[in-house]
S.K.: 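Let me begin by handing over the structure; questions about it come next.
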Amino acid sequence: MTARPPEAGSTGPATSAGNGGCAQQQDASTGVLSQGSKYRNYETVFTNSKAGMTGVDREHVKKVVYEMSKDSAHFINEQRKQAQVDLRIHKLLQRAKGLTAQELAAYTRAQDMKLAALEATRDLSRVWIHVDMDAFYAAVEERDDPSLASKPMAVGGVGMITTANYLARKFGVRSAMPGFIARKLCPELVFVRPDFAKYKAASDQTRAIFCEYDPEFEAGSMDEAYLDVTDYCHAHGITGRAVAQEVRIRVHQETRLTCSAGIAPNTMIAKVCSDINKPNGQFEVPADADAVRKFVEPLPIRKVSGIGKVAEQTLKALGVELCSQLIEKRGLLAALFSQISSDFFMAVGLGLGRTLHHEPVKEGEVGRRGMSVERTFRAISSKADLEAKCAELAHKLAEELADGGGLKGKTITLKLKTTKFELRTRAITLPVHVSSAEDILAPALRLLRVELPLELRLMGIRMSNFKEVRTPPGQKSIADFVRKEAVPAQRSEQDADAAPSEQPPAASSHHEADLQLNGGPAADGCPLELSLRDWGTAGEAVHTQGPASQHIELSLEDWQHARDDPLPADAVGM
DNA sequence: GGGGCACCTGAAA
DNA sequence: TTCCATTTCAGGTGCCCC
Ligand SMILES: Cc1cn([C@H]2C[C@H](O)[C@@H](COP(=O)(O)OP(=O)(O)OP(=O)(O)O)O2)c(=O)[nH]c1=O
Ligand SMILES: [Mg+2]
């Protein structure tokens, strides 16, 4: 398990947990008969509590999801993955059992020091607001077609749903649920195909507003952002709560969309808070150490961004379900997990989180680690089809890289998902940075061919290891913005600066030739040992590697809602 | 010991 | 282009090569 202090991550499933500690978990078990089916022992993420989930018949949802899933390849794969997790947890427990009382005591004492040190860093001087749009994609669609607002609706398709409006959520329909299951839960569910350009436009509008309150605001995704409004509060002599109110009203006025906000002294708490009175509400944890501690104590760890399904299961096995228990079990956690993980756990337990903005992107660095494209399709296995798919992706990726400001990367990662849902990634780092479709395709095809034969349902290509961008002297560069450098019209046009220009080895280009040709099924057997020598001519070694040996990580409510601060009805047009 | 690299898992929207 | 998505990032192991 890997616990990390994340920066994005919205809505883990959330109940109105919080201050009082009395989380309201609706569990409307309508005596569904147990019919000999095993769904009761079946765990699905779709029944976790979440905004809009109150009143949902969880048992029913569970049963439907199970019945629709149980014979699928997907289900088998999920079970395989779960078995691995179970095994890891088992080993972790064995390790825990092996600890002597003395060792545990030592770890506990060490953690006491750590906690004291952490406590000393507690900073309550900052006012953070986490803003999160309500049912974002769905809300945009409703706004643009009001007839949708009166019916259960989901954005996505039969294959997958990205989100659903609150009417649909009452049926248990939610993000990341396959559409055909959602339809089973709610036969009259209306599907709307996503239109990302619209969401982007709406997102840009909200960001323009955020910018006025915090020019350095951090956008996690299109629908959420962290604002440090400390300075704004001081400058205008108002509270964080009032600012949140103001932001929400403005967002609504300018986009006709609602959002929710969390106000707290750090990002971690603010994030949890924005979910509490969703939709269209806000919640604040005041800048008071006791208030923060009291808020965090009864909070289920799963509500913390960064603690997902596996971490939840793992910690539960160790007797940790609430944040307070992270502190109680500090010795054990320190003994079993990596420093990074246990530090994170301790911080969460104390209610500590980030209080400062991220370091600005350094000069020359492109503000991202990678860019990728992937596509799911009906099963494909012929070499020609596979290679054609690869070519499409290479072109798509090249296009995106160009749009992204002419990014050039050195590492190309091919992602494959078999019809049995098994994932495989194969990467290669080139001696030079490339960006054209041809230069992406050639190595991608090499990686692909070695894996044949294959029966795939998905293929993807990722580019990473980006070349740093040097801004021509005399030109002011804004580090926070994605740099838009002229996209070379031709391949020959390399860098504008004096850097020695890299040339990809010849011979790429004709992907046509690469595509067609025989399906001489590559020597099957172990597709892992091949040698992809000779990419190009220079003596650059090409790294090849078999699959990482199975390593086991040991370290491991709508308007009626009771809310802290509802928008004045008229401000929202009601 | 540390820097790359390849690969996998987990998490989030 | 449908039959469980797509995009991005971090942390961890294992290896190679200084
Ligand atoms: C969770 C999730 C969201 N999304 C998209 C659709 C969502 O509208 C958007 C924002 O995600 P969320 O903020 O998680 O969800 P939401 O805004 O739809 O609903 P809520 O009121 O609970 O905040 O991101 C996905 O595409 N896939 C996902 O798995
Ligand atoms: Mg949202």
Side-chain angles (χ1 to χ4, degrees), chain A residues 1-12 44-46 65 68-69 71-75 77-78 81 84-85 88 132-133 136-137 155-163 175-182 194 196 199 203 219-224 271 302 304-314 337-341 344 367-380 385 389 392 397 400 410-415 417 419 421-430 447 457-458 460 462 464-465 528 541-556:
Chain A
M1 182 186 68
T2 318
R4 49 141 209 181
E7 268 335 315
S10 162
T11 44
T44 173
V45 291
F46 299 128
V65 172
M68 302 256 2
S69 301
D71 297 319
S72 66
H74 179 266
F75 188 77
N77 191 249
E78 287 303 302
K81 281 171 17 185
Q84 277 189 66
V85 170
R88 263 164 47 199
D132 187 302
M133 304 301 293
F136 188 46
Y137 296 177
V155 177
V158 196
M160 184 53 62
I161 283 173
T162 66
T163 193
S175 287
M177 177 181 275
F180 64 94
I181 290 180
F196 297 102
Y199 315 144
S203 177
S221 65
M222 280 200 286
D223 102 312
E224 67 176 332
K271 169 81 181 168
R302 184 63 165 84
V304 177
S305 182
I307 299 186
K309 187 170 183 260
V310 172
E312 179 185 35
Q313 288 181 56
T314 306
F337 296 98
S338 68
Q339 171 110 39
I340 288 180
S341 294
F344 172 56
R368 64 156 72 225
R369 312 297 299 261
M371 183 177 273
S372 64
V373 292
E374 69 185 58
R375 222 49 79 191
T376 292
F377 37 75
R378 67 215 184 295
I380 275 183
D385 288 348
K389 236 29 164 184
E392 278 175 40
L397 181 56
E400 303 279 318
K410 260 200 326 178
T411 302
I412 287 166
T413 306
L414 183 71
K415 176 177 172 178
K417 193 195 291 181
T419 50
F421 288 89
E422 286 159 347
L423 270 176
R424 227 183 278 181
T425 63
R426 294 294 178 262
I428 184 170
T429 296
L430 310 173
L447 295 171
R457 65 159 9 249
L458 170 147
R462 171 183 148 93
S464 54
N465 241 325
L528 330 161
V542 170
H543 306 260
T544 304
Q545 189 171 315
S549 48
Q550 299 288 25
H551 72 271
I552 291 144
E553 293 178 26
L554 294 175
S555 49
L556 252 286

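Below, each value reflects all heavy atoms present in this structure, side chains not excepted, and no hydrogens, waters or symmetry copies. Within every chain, numbering begins at 1; the chains are lettered A, B, ... in the order of the sequence lines, protein sequences first and strands thereafter.
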S.K.: Among the nucleotides C:dT7, C:dT2, C:dT8, which one has an atom lying closest to any side-chain atom of A:M371?
M.R.: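 Out of C:dT7, C:dT2, C:dT8, the nucleotide with an atom closest to A:M371's side chain is C:dT8.
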S.K.: Considering only side-chain heavy atoms of A:M160, which listed nucleotide, C:dA5, B:dC5, C:dC3, is closest?
M.R.: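 Nearest listed nucleotide: C:dA5.
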S.K.: When you check the phosphate oxygens OP1 and OP2 of C:dT8, does a side-chain N or O of A:S372 lie under 4.0 Å from one of them?
M.R.: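 Yes, within the criterion.
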S.K.: Can you figure out which of C:dC3, B:dC8, C:dG12 approaches the side chain of A:S338 most closely?
M.R.: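 The answer is C:dG12.
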S.K.: From the set B:dA11, B:dC5, C:dC9, return the single nucleotide nearest to any side-chain atom of A:R462.
M.R.: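 Output: C:dC9.
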S.K.: B:dA6, OP1 or OP2 - any side-chain N/O from A:T429 closer than 4.0 Å?
M.R.: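 So the side-chain polar atoms of A:T429 do come within 4.0 Å of the phosphate oxygens OP1 or OP2 of B:dA6, strictly under.
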S.K.: Taking all non-hydrogen atoms of both residues into account, name the closest pair between A:R369 and A:S464 and its distance.
M.R.: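 Closest approach of A:R369 to A:S464: O-CB, 3.3 Å.
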S.K.: Would you tell me if any nitrogen or oxygen in the side chain of A:T376 comes within less than 4.0 Å of OP1 or OP2 on C:dT2?
M.R.: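 So the side-chain polar atoms of A:T376 never come under 4.0 Å of the phosphate oxygens OP1 or OP2 of C:dT2.
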S.K.: Which is more 5' along DNA chain C, the nucleotide nearest A:L458 or the one nearest A:Q339? Just name the residue.
M.R.: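 Whichever sits nearer the 5' end wins; that is A:L458.
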S.K.: How far does the C1' atom of C:dT6 sit from the matching atom of C:dT1, given to the nearest Å?
M.R.: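 That atom pair is separated by 15 Å.
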S.K.: When you measure from the side chain of A:R375, which nucleotide among C:dT6, C:dA5, C:dT2 comes out closest?
M.R.: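 Among C:dT6, C:dA5, C:dT2, the one nearest the side chain of A:R375 is C:dT6.
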S.K.: Can you tell which of C:dA5, B:dA11, B:dA6 lies closest to the side chain of A:K309?
M.R.: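 Within the option list, the nearest is B:dA11.
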S.K.: Pair A:R88, A:V310 - check side-chain contact (heavy atoms from CB on, under 4.5 Å), show working.
M.R.: CA-CA 10 Å; A:R88 263 164 47 199; A:V310 172; 4.0 Å; yes
S.K.: Please state whether the phosphate of B:dC8, meaning OP1 or OP2, lies under 4.0 angstrom from any side-chain nitrogen or oxygen of A:R426.
M.R.: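 The answer is yes; a side-chain N or O of A:R426 sits under 4.0 Å from OP1 or OP2.
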S.K.: Does C:dA5 have OP1 or OP2 sitting under 4.0 Å from an N or O in the side chain of A:K417?
M.R.: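 For C:dA5, OP1/OP2 do have a side-chain N/O of A:K417 under 4.0 Å.
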S.K.: Output the single nucleotide from B:dC8, B:dA6, C:dA5 whose closest atom is nearest the side chain of A:T411.
M.R.: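 When the side chain of A:T411 is considered, B:dA6 is the closest of B:dC8, B:dA6, C:dA5.
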S.K.: The side chain of A:R88 lies closest to which of these nucleotides: C:dG12, B:dT9, C:dC4?
M.R.: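 The answer is B:dT9, which lies nearest to the side chain.
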S.K.: Sequence neighbours excluded, which residues qualify as ring pair (Phe, Tyr, Trp, His ring centres under 6.0 Å) partners of A:F180?
M.R.: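 Once residues adjacent in sequence are excluded, A:F180 has no partner under the ring pair (Phe, Tyr, Trp, His ring centres under 6.0 Å) criterion.
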S.K.: Does A:K389 or A:R368 map to a spot on DNA chain C nearer the 5' end, using the closest nucleotide for each?
M.R.: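 Looking at DNA chain C, the more 5' nearest nucleotide goes with A:K389.
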S.K.: Taking OP1 and OP2 of C:dC4, is either one under 4.0 Å from a side-chain nitrogen or oxygen of A:N77?
M.R.: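 No, outside the criterion.
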S.K.: Check whether any side-chain N or O of A:S203 sits under 3.5 Å from a backbone N or O of A:Y199 as a donor-acceptor pair, and report yes or no.
M.R.: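 Flag not set: sc A:S203 to bb A:Y199 has no pair under 3.5 Å.
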S.K.: With sequence neighbours excluded, what pairs up with A:F136 under the ring pair (Phe, Tyr, Trp, His ring centres under 6.0 Å) test?
M.R.: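 For A:F136, no residue satisfies ring pair (Phe, Tyr, Trp, His ring centres under 6.0 Å) once neighbours in sequence are set aside.
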S.K.: Would you say A:R369 places a side-chain N or O within less than 4.0 Å of OP1 or OP2 belonging to C:dA10?
M.R.: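 Yes, within the criterion.
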